[in-house]
Amino acid sequence: MKSDNFFEKVYWVVKQIPFGKVTTYGAIAKYLSSPKASRMVGWALNASFKNKGFTIPAHRVVNRLGILSGKKYFGNNNTMQELLENEGVNVKKDKIINFNKHFWDPNIELI
DNA sequence: ACATTGACGGAAA
DNA sequence: ATTTCCGCCAATG
């Protein structure tokens with residue numbers, strides 16, 4: 001079953017991120033019991049992007065510094081930032097302001 | 001089938 | 001404190 005795939009789990013978690021909140025690749029990886037597979041998380045998102053029909057809020061996932069590391073994958077170089085600011089998340093120079101305030105940790109919020 | 005790469009992150013030097 | 005290295009797992013060359 002595909003729902004057991006690493007990717008599927010990633011997609012599921014990302015979909016749980018509430019409006020106006022953000023999380024990190026590492027946090028998701030950790031939640032999936034593979035704390036060191038953070039690279040795979042972003043990679044999974046990239047794969048999901050090709051596959052339209054899978055609309056997941058990938059813009060709510062940033063690296064641990066709150067930097068929009070994957071903004072280039074959103075077509076235009078400022079699409080990701082606009083999406084975030086549209087949700088009340090302030091971004092300055094590709095970095096989220098008050099990152100801690102917007103941070104949503106699946107390890108805590110999800111059981 | 002083997003090597004390299006990637007939206008990362010933590011440990012080691 | 002800063003820089004470098006390694007692991008994670010799947011895909012691509």
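All chains are named by letter (A, B, ...) in the order of the sequence lines, taking the proteins before the strands, and each is independently numbered beginning at 1.
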Just the rounded figure in Å: distance from P of dC8(C) to CG of N5(A). 19 Å
Provide the distance between the two P atoms, one in dT4(B) and one in dC5(C), to the nearest whole Å. 15 Å
Between P of dC8(B) and CD1 of I67(A), the distance in whole Å: 10 Å
Identified side-chain contact (heavy atoms from CB on, under 4.5 Å) counterpart of Y31(A) within the set V13(A), V10(A), D105(A): V13(A)
Rounded interatomic separation in angstrom, taking CG from N63(A) and C1' from dG6(B): 14 Å
By nearest-nucleotide position on DNA chain C, the 5'-leaning member of P35(A) and F7(A) is P35(A)
Does the side chain of N78(A) come under 3.5 Å of the side chain of N76(A) through a donor N or O and an acceptor N or O? no
By nearest atom, which of the nucleotides dC8(B), dC8(C), dG9(B) is closest to the S69(A) side chain? dC8(B)
In whole angstroms, how far is the C1' atom of dC9(C) from the OH atom of Y11(A)? 13 Å
K72(A) NZ to dG6(B) P, straight-line distance once rounded to whole Å: 10 Å
With the side chain of W43(A) defined as its heavy atoms from C-beta on, choose the nearest nucleotide among dG6(B), dC8(B), dA11(C). dA11(C)
Looking at E87(A) and R60(A), is any side-chain nitrogen of the basic one under 4.0 Å from a carboxylate oxygen of the acidic one? yes
Just checking N46(A): base, sugar-phosphate only, or nothing, at a heavy-atom cut-off of under 4.0 Å? base
With heavy atoms under 4.0 Å as the rule, sort R39(A) into base, sugar-phosphate or nothing. base
Given dA10(C), dC8(B), dC8(C), the nucleotide with the shortest approach to the side chain of A37(A): dC8(C)
Nearest-Å distance for atom pair CG/C1', residues L45(A) and dA10(C): 14 Å
What's the CZ-C1' distance between F6(A) and dG7(C), to the nearest Å? 12 Å
Hey, does I96(A) have a side-chain heavy atom less than 4.5 Å from the side chain of L68(A)? yes
Compare all side-chain heavy atoms of Y25(A) with those of L45(A) and state whether any distance is below 4.5 angstrom. yes
With a non-hydrogen cut-off below 4.0 angstrom, is A58(A) in contact with a base, only sugar-phosphate, or nothing? base
Integer-rounded Å distance: dC8(B) C1' and F99(A) CZ: 12 Å
